[in-house]
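A quick write-up on the structure given underneath.
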Amino acid sequence: MRLFNPVTMTEVIPGLHDVKGAVELADDNWFFTDNRVPEDKNLTVNGKGEPVLEDRKDA
């Protein structure tokens, strides 16, 4: 189980972080596959509280 905090937009580790408000992500969610956001994208949150990448408006 992997958790994401849609307010801070960070990974939540049970026992280390408060899991209140955290959203469980699918095992294949892209958020945990890279350690950076591509230069032409912005990290945002969808209506389900999941992380999504959007095209930068200034790019």
Side-chain angles (χ1 to χ4, degrees):
M1 172 176 60
R2 298 179 313 167
L3 301 172
F4 176 77
N5 182 322
V7 175
T8 62
M9 293 194 283
T10 58
E11 180 178 6
V12 174
I13 301 170
L16 185 60
H17 302 116
D18 183 7
V19 297
K20 183 178 178 184
V23 175
E24 185 174 347
L25 299 178
D27 288 336
D28 64 350
N29 187 286
W30 67 269
F31 183 72
F32 295 99
T33 61
D34 203 345
N35 61 359
R36 65 178 183 79
V37 175
E39 290 182 27
D40 61 338
K41 303 287 184 183
N42 281 331
L43 178 63
T44 189
V45 177
N46 68 15
K48 297 180 194 177
E50 301 167 331
V52 294
L53 290 176
E54 289 184 344
D55 291 331
R56 287 180 52 167
K57 292 174 179 45
D58 63 341

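When reading the values below, keep in mind they use all heavy atoms of this one structure, side chains included, and skip hydrogens, waters and symmetry mates.
Under the 4.5 Å side-chain heavy-atom criterion for ILVMFWY residues, no single connected hydrophobic cluster contains both Val52 and Phe4.
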Contacts under 3.5 angstrom, residues 9-27 side chains, donor-acceptor by atom type, not counting sequence neighbours:
from, atom 1, to, atom 2, distance (Å)
Thr10, OG1, Thr8, OG1, 2.8
His17, ND1, Ile13, N, 2.8
Asp18, OD1, Lys20, N, 3.0

Please tabulate, for the side chains in residues 41-50, all donor-acceptor contacts under 3.5 angstrom to protein atoms that are two or more places apart in sequence or on a different chain.
from, atom 1, to, atom 2, distance (Å)
Lys41, NZ, Asp55, OD1, 2.5
Asn46, OD1, Lys48, N, 2.9
Asn46, OD1, Gly49, N, 3.1
Asn46, OD1, Glu50, N, 2.9
Asn46, ND2, Glu50, OE1, 3.1

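Summarising the geometry of Arg56 relative to Glu39, their closest heavy-atom pair is CD-O, 3.0 Å, with the distance given to 0.1 Å.
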